[in-house]
Amino acid sequence: MERLDQQLRFVTEIDRLKGVLRQTMLTDPRRRENSAEHSWHLAVAALALADHAPPGTDIGRVIAMVLVHDLVEIDAGDLFLYADEAQQARQEEAERAAADRIFGFLPPDQAATFRGLWDEFEERRTPEARFARALDRLQPMLENLNVGGGTWQEHGITADQVLLKVRLIEDGSPALGRYARDLVARAVAAGILAPAPGGTGAA
């Protein structure tokens with residue numbers, strides 16, 4: 001029963017992810033998205049958008065990665081995508097410590113597997129990880145478009161800043177990258193994303 005006890009402690013612990021609120025706004029204005037909802041959304045997106053992954057991509061592995069990648073936010077919380085480098089560095093340290101603790105609930109073989117998936121996602125060393133990261137970047141953009149600007153407007157984000165993040169989407173899926181660039185252009189044209197200083201933001 002020890003193995004089952006360890007697995008159930010992990011399953012109980014990760015329930016806390018439902019209480020971690022993200023920056024992303026929901027179409028329901030009463031609250032923000034939580035990290036568990038975000039992970040679920042990415043998993044379904046991986047299924048729906050599998051056609052746009054690189055040939056030979058193991059979508060099952062992509063789904064596993066997007067389901068575990070934000071478990072560390074139970075301890076580390078969510079950090080705004082456009083936070084400065086110092087904040088990003090502190091977040092990375094906090095997330096590594098969280099990965100050690102949270103995956104440590106599992107039996108050693110499963111702990112190694114889950115931590116391997118988390119590391120793979122972070123390091124973007126495989127087509128699966130790059131596609132997973134592309135989905136992770138695209139989803140908040142879609143949400144911002146759906147709510148008329150969302151965190152772009154709340155934090156004064158401009159198109160050039162968003163386009164820097166689009167590069168990661170392009171790295172994981174050229175098709176999704178093209179879509180993301182078009183999304184930025186549409187958001188600027190609609191007046192819900194500020195253009196790049198001195199430009200339109202559509203380039």
Side-chain angles (χ1 to χ4, degrees), residues 6-25 31-43 45-46 61-141 143-144 150-152 154-158 160-172 180:
Q6 291 174 308
Q7 292 164 332
L8 290 175
R9 281 197 295 271
F10 171 78
V11 169
T12 300
E13 178 66 13
I14 65 172
D15 184 70
R16 295 174 56 199
L17 193 66
K18 298 172 187 175
V20 178
L21 295 182
R22 297 171 55 82
Q23 291 287 326
T24 307
M25 297 177 180
R31 66 172 175 85
R32 295 181 184 269
E33 174 187 59
N34 70 50
S35 288
E37 291 167 330
H38 171 70
S39 298
W40 162 83
H41 202 177
L42 294 185
R61 190 167 186 85
V62 173
I63 292 170
M65 269 188 269
V66 298
L67 287 174
V68 304
H69 83 286
D70 273 340
L71 292 178
V72 294
E73 292 185 1
I74 291 168
D75 291 354
D78 177 55
L79 181 69
F80 185 46
L81 179 60
Y82 299 93
D84 64 36
E85 290 185 6
Q87 291 173 303
Q88 297 279 3
R90 288 194 295 271
Q91 182 76 4
E92 288 175 10
E93 183 177 354
E95 288 185 355
R96 284 193 297 271
D100 290 341
R101 186 189 76 81
I102 295 165
F103 299 133
F105 280 97
L106 287 162
D109 60 320
Q110 287 188 307
T113 297
F114 279 56
R115 180 57 186 265
L117 287 166
W118 186 82
D119 287 336
E120 184 179 342
F121 179 91
E122 292 296 311
E123 296 165 10
R124 294 169 46 216
R125 62 177 182 251
T126 63
E128 287 79 10
R130 290 189 290 273
F131 186 63
R133 290 290 293 270
L135 297 172
D136 189 43
R137 283 288 178 270
L138 179 61
Q139 187 258 3
M141 293 176 61
E143 296 289 354
N144 279 339
T151 54
W152 291 335
E154 183 180 2
H155 295 277
I157 301 302
T158 56
D160 55 311
Q161 292 174 283
V162 180
L163 288 170
L164 286 175
K165 306 301 182 183
V166 168
R167 294 177 186 173
L168 189 146
I169 300 174
E170 293 170 323
D171 185 49

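Of the inter-residue distances, the one linking F121 atom CZ with M65 atom CE reads 8.5 Å to the nearest 0.5 angstrom. Expressed to the nearest 0.5 Å, how far NZ of K18 lies from OG of S39 amounts to 12.0 Å. Atom CZ of R96 sits about 10.0 Å away from atom CG of D119, to the nearest 0.5 Å. With rounding to the nearest 0.5 Å, the separation of CD1 in I102 from CD1 in I14 is 9.5 Å. Note that the CD atom of E13 and the CD1 atom of I74 stand 5.5 Å from one another [nearest 0.5 Å]. To the nearest 0.5 Å, the span separating CZ on F131 from CG on D171 amounts to 12.5 Å.
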- Task: Evaluate side chain to side chain contact (heavy atoms under 4.5 Å, CB included) for T126 paired with R61, printing each intermediate quantity in order.
- Result: CA-CA 11 Å; T126 63; R61 190 167 186 85; 5.6 Å; no
- Going through the checks in order, is the side chain to side chain contact (heavy atoms under 4.5 Å, CB included) test met by V162 and Y82? CA-CA 9 Å; V162 180; Y82 299 93; 3.4 Å; yes
- Query: side chain to side chain contact (heavy atoms under 4.5 Å, CB included) between L21 and N34: does it pass, once the steps are laid out?
  - Reply: CA-CA 4 Å; L21 295 182; N34 70 50; 4.0 Å; yes
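Closest approach of A43 and L67 over heavy atoms only: CB-CD2, 3.9 Å. Here the closest non-hydrogen pair linking F114 and V68 is CD2-CG1, 3.9 Å. When every heavy atom of S35 is checked against every heavy atom of R22, the shortest pair comes out as OG-CG, 3.4 Å. Taking every heavy atom of both residues into account, A132 and V66 meet most closely at CB-CG1, 3.7 Å. Of all heavy-atom pairs between V62 and A46, the closest is CG1-CB, 3.9 Å. Contact detail for W152 and M141: the closest heavy-atom pair is CH2-O, 3.9 Å.
Contact of the T151 side chain with the P140 side chain is not registered, since no non-hydrogen atoms from C-beta on lie closer than 4.5 Å. R115 is not listed as a side-chain neighbour of L106, based on a closest heavy-atom distance of 4.5 Å or more. Contact of the Q110 side chain with the Q6 side chain is not registered, since no non-hydrogen atoms from C-beta on lie closer than 4.5 Å. Side chains of I157 and N144 form no contact here, defined as non-hydrogen atoms less than 4.5 Å apart. Residues D78 and H38 form no side-chain contact, since every pair of their non-hydrogen atoms from C-beta on lies 4.5 Å or further apart. F10 places a side-chain heavy atom less than 4.5 Å from the side chain of L71. Using a 4.5 Å heavy-atom cutoff, the side chains of E143 and Q139 are in contact. Side-chain contact between L81 and R137 is present, with heavy atoms from C-beta onward closer than 4.5 Å.
Looking at R32, its side chain does come within 3.5 Å of a backbone N or O of Q23 through a donor-acceptor pair. A donor-acceptor pair under 3.5 Å is absent between the side-chain atoms of D70 and the main chain of E73, judged by distance alone. Of the possible polar contacts, one joining the R130 side chain to the R124 backbone as a donor-acceptor pair under 3.5 Å is found. R133 contributes a side-chain N or O that, together with a main-chain N or O of E122, makes up a donor-acceptor pair within less than 3.5 Å.
Checked against the 6.0 Å centroid threshold, H155 and F80 count as a close aromatic pair.
Using a 4.0 Å cut-off between charged nitrogen and carboxylate oxygen, E37 and R31 count as a salt-bridge pair.
Applying the side-chain hydrogen bond (donor to acceptor under 3.5 Å, both in side chains) test to residues at least two apart or on different chains, the pairs with a partner in residues 84-94 are Q91-E95.
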